[in-house]
Amino acid sequence: VVTWNSMIFGYAQNGYNEEAIDMFVEMRLEGLEPSDVTLLSLLSASANLGAVEEGKQGHGVALSFGLGLDRIMGSSILNFYSKVGLIDEAELVFSKMLDKDEVTWNLLISSYVRLQQIDKALDMCRSMRLANLKFDSVTLASILAVCSHSRNVMLGKEAHAYSIRNNLYPEVVVASSIVDMYAKCGRMGDARQVFDSTTNTNTIFWNTLLTAYVEAGHIGEALRLFYQMQLVSKPQDVTTWNVVIMGCMRNGDVDEAKYMFSKMQCAGIPPN
RNA sequence: CAGCGGUAAUCA
C-alpha cells in the first residue's frame, strides 16, 4: 500500500492527475485497501481535474473506511467539492467539521472569492477571527484578491498594513498579491515600491509586475523588466512569455511578437 | 514525541 501511495501521491503532486486516478482504480482492482494518504491524493487529483464521480467515490470510500471528517481529510473533501463547483456540498462539509483550522476556512473563503461572492467571503473572514483563528498568508491573498477585483484600494491598504504588522509580508504569496492589488487599483507607483522592497521573489512575483506594465500600456518598462529577469537568472515560464507577446501585440508590433514567440520555443517553453 | 500529507498569488 505504501508503494502504491507513493506512486499515486507522486503523480498527483506533479500534475499527472489522470495517471493518479488510473493508479487508484488499479489499486482497488488489486483488492488493496486505500489509506488516508491514498484518498488525499485521489481527492486532490479529482479536484484539479473536475472529476466529480471519482472525487465522490473518494468521499464514499473515506466514509466506508471510517476516515470521516478530521481536519485534513475534511478539508481535502471540502476542497474537492468547492473546486468542482458543488458549493452547497462544500458548505455542508464545512458545517459538519468539528476541527477547523486556517486551511479549512481559507478553502471556503477562496471559493467565495472565485464565485465573486465578495460579501460572503468577507463575512467568513470575520467569522474566522471570531473563531479565534488568525489570518495567514493565504487568507490575506484572498482578501487582497477581493481588493484587486473590486478596485478597493482602501481595504487593500489595510490588508497591506496587516501583513506588515503580522510578519506575513515576507511571504512571496502575500507580496505578489499586494503588487497585484496596487496595480489593478491603478497605483503603479505603489506596486513598484512594494516590488523593489521585496527580497523573497519567484517567477509569479515577477510576472505580476510584468503583467501590470503591459496592462498599463508601459511596454518599455515591461521589456526592461523582462530582460532584467534574465539578467538575474529568474526562470521565465509560459505566462512570462504570454504577457510579453501580448504586450508586443498591443503595441502593434507583430514582428516583435513573432520574434518573441520563436524565442520562447528556443528557450524550451512550449506554447499553451 | 516528532515528521509527512489538505488551501494560496500572475497571463490566457
Side-chain angles (χ1 to χ4, degrees), chain A residues 2 5-6 8-10 12-13 35-48 55 58 62 67 69-83 90 93-94 97 99-114 124 128 133 135-149 159 163 168-169 171-184 191 194-195 198 200-215 222 225-226 229 234 236-247 249-250 264 269 271-272:
Chain A
V2 172
N5 278 353
S6 40
I8 296 172
F9 176 71
Q13 285 296 75
S35 73
D36 53 351
V37 175
T38 327
L39 288 165
L40 291 170
S41 304
L42 174 73
L43 285 162
S44 171
S46 307
N48 294 332
L67 294 172
L69 297 172
D70 73 22
R71 73 174 209 293
I72 306 281
M73 187 58 70
S75 291
S76 183
I77 291 167
L78 169 52
N79 177 46
F80 160 71
Y81 282 121
S82 80
K83 286 271 161 64
V93 170
F94 182 86
M97 287 176 63
D99 189 13
K100 303 186 184 80
D101 65 4
E102 290 85 349
V103 173
T104 320
W105 286 85
N106 288 341
L107 279 163
L108 213 50
I109 291 168
S110 64
S111 302
Y112 290 139
V113 173
R114 247 201 317 280
M124 286 299 283
M128 180 176 171
L133 289 171
F135 298 161
D136 67 7
S137 59
V138 176
T139 325
L140 220 52
S142 287
I143 294 171
L144 285 158
V146 165
C147 303
S148 295
H149 223 151
S163 74
L168 295 169
Y169 178 76
E171 299 210 32
V172 68
V173 173
V174 173
S176 304
S177 301
I178 293 171
V179 169
D180 186 56
M181 181 277 293
Y182 280 128
K184 294 249 162 69
V194 172
F195 181 88
T198 302
N200 258 342
T201 75
N202 63 11
T203 298
I204 295 183
F205 179 76
W206 283 73
N207 288 348
T208 304
L209 188 65
L210 191 67
T211 301
Y213 281 134
V214 166
E215 289 291 325
L225 199 67
F226 175 80
M229 275 180 95
K234 194 53 70 176
Q236 298 179 318
D237 63 10
V238 68
T239 297
T240 316
W241 290 93
N242 284 346
V243 170
V244 166
I245 290 167
M246 185 187 272
M249 293 297 291
R250 287 213 187 154
M264 174 176 87
I269 311 281
N272 66 3

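Everything quoted here is computed from the prediction, not taken from an experiment. Per chain, numbering begins at 1; letters A, B, ... match sequence-line order.
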- Message: Reading RNA chain B from 5' to 3', where do the contacts with chain A start and stop? Cut-off is 4.0 Å to heavy atoms.
- Response: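 The contacted stretch runs from B/rG5 to B/rA12.
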Residues forming a ring pair (Phe, Tyr, Trp, His ring centres under 6.0 Å) with [X], sequence neighbours excluded:
X	result
A/Tyr182	A/His160
A/Tyr112	none
A/Phe94	A/Trp105

- Query: If we only count heavy atoms from C-beta on, is the A/Asp36 to A/Met73 side-chain gap below 4.5 Å?
  - Reply: yes
- Taking the side chain as every heavy atom from C-beta outward, state whether A/Trp206 and A/Thr201 have any pair of such atoms under 4.5 Å apart.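 The answer is yes, as the side chains (C-beta and beyond) meet within the 4.5 Å cut-off.
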Using a cut-off of 4.0 Å on non-hydrogen atoms, how would the nucleic acid contact of [X] be classed: base, sugar-phosphate, or nothing?
X	answer
A/Asn79	sugar-phosphate
A/Thr240	nothing
A/Asp237	nothing
A/Val37	nothing
A/Ile72	base
A/Ser76	sugar-phosphate
A/Val238	nothing
A/Lys100	nothing
A/Thr208	sugar-phosphate

- Answer yes or no: is there an ion pair linking A/Arg250 with A/Glu215, defined by an N-O contact shorter than 4.0 Å? yes
- Query: Does A/Asp99 have any salt bridge (charged side-chain N to carboxylate O under 4.0 Å, His left out) partners at least two apart in sequence or in another chain, and if so, which?
  - Reply: none
- Out of A/Val173, A/Asn106, A/Val174, which one pairs with A/Leu140 under the side chain to side chain contact (heavy atoms under 4.5 Å, CB included) rule?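 For A/Leu140, the side chain to side chain contact (heavy atoms under 4.5 Å, CB included) test succeeds with only one of A/Val173, A/Asn106, A/Val174, which is A/Val174.
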- Query: Near RNA chain B, under 4.0 Å by heavy atom, which residues of residues 135-143 of chain A?
  - Reply: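 Contacting residues: A/Val138, A/Ala141.
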- Parallel, tilted or perpendicular: which describes the rings of A/Trp241 and A/Phe226, with under 30° parallel and over 60° perpendicular? perpendicular
